[in-house]
Structures are given as C-alpha cells and as structure tokens.
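In this chain, residues are counted from 1 in sequence order.
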Amino acid sequence: MLLSNGASRIVDRFRLADWPEVVATLTARGPTEIIDRVRQEEARHAVPPNDATIVHCTDLGET
C-alpha cells in the first residue's frame, strides 16, 4: 500500500488508527473508507483538506 501525506493523516495527525488497522480497513472496506474518515476529521477540526491518495495492491500473485 502507498498513502499520500493527506491519506496518512488517519495515523500520523488524527491518530484514528494505527498502521495494522489501516491495512485491515483497506482489505475489508477499501480506500474510500480511509479517505472518508480523514475528510470527516479535517472538517471536525477545521483543518484544510490535503491530497488523499491511496494505492492498495491486492493480487500480486504470479500470472
């Protein structure tokens, strides 16, 4: 997984989750869940939104 600094706010700024929880959320619900939670916290704390990009690779098996 790869998160931009805006998406990583879920861990490093807002402390809503730790990295294992982020991985579990991405696997179970996808990147939209992480970005939605970050946006909610930005609004709640009147923090300007930042870019929020997530790349989550799920199938890296051989073809």
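In this structure, CD1 on I10 lies 8.5 Å from CG on L3, to the nearest 0.5 angstrom. In this structure, CD1 on I35 lies 6.5 Å from OG1 on T53, to the nearest 0.5 angstrom. Separating the NE2 atom in H56 from the OG1 atom in T25 is a distance of 10.0 Å, to the nearest 0.5 Å. One finds the CG atom of L16 at 12.0 Å from the CZ atom of R9 (value rounded to the nearest 0.5 Å).
Here the closest heavy-atom approach between residue N50 and residue G6 is recorded as CB-CA, 4.0 Å. In terms of heavy atoms, D18 sits closest to E21 at N-OE1, 2.7 Å. Considering all non-hydrogen atoms of both residues, F14 and V38 come closest at CE1-O, 4.1 Å.
When each of D51, I54, V55 is paired with S4, the side-chain contact (heavy atoms from CB on, under 4.5 Å) condition holds for D51 and for no other. Screening H45, R37, R39 for a side-chain hydrogen bond (donor to acceptor under 3.5 Å, both in side chains) involving E41 leaves a single residue, H45.
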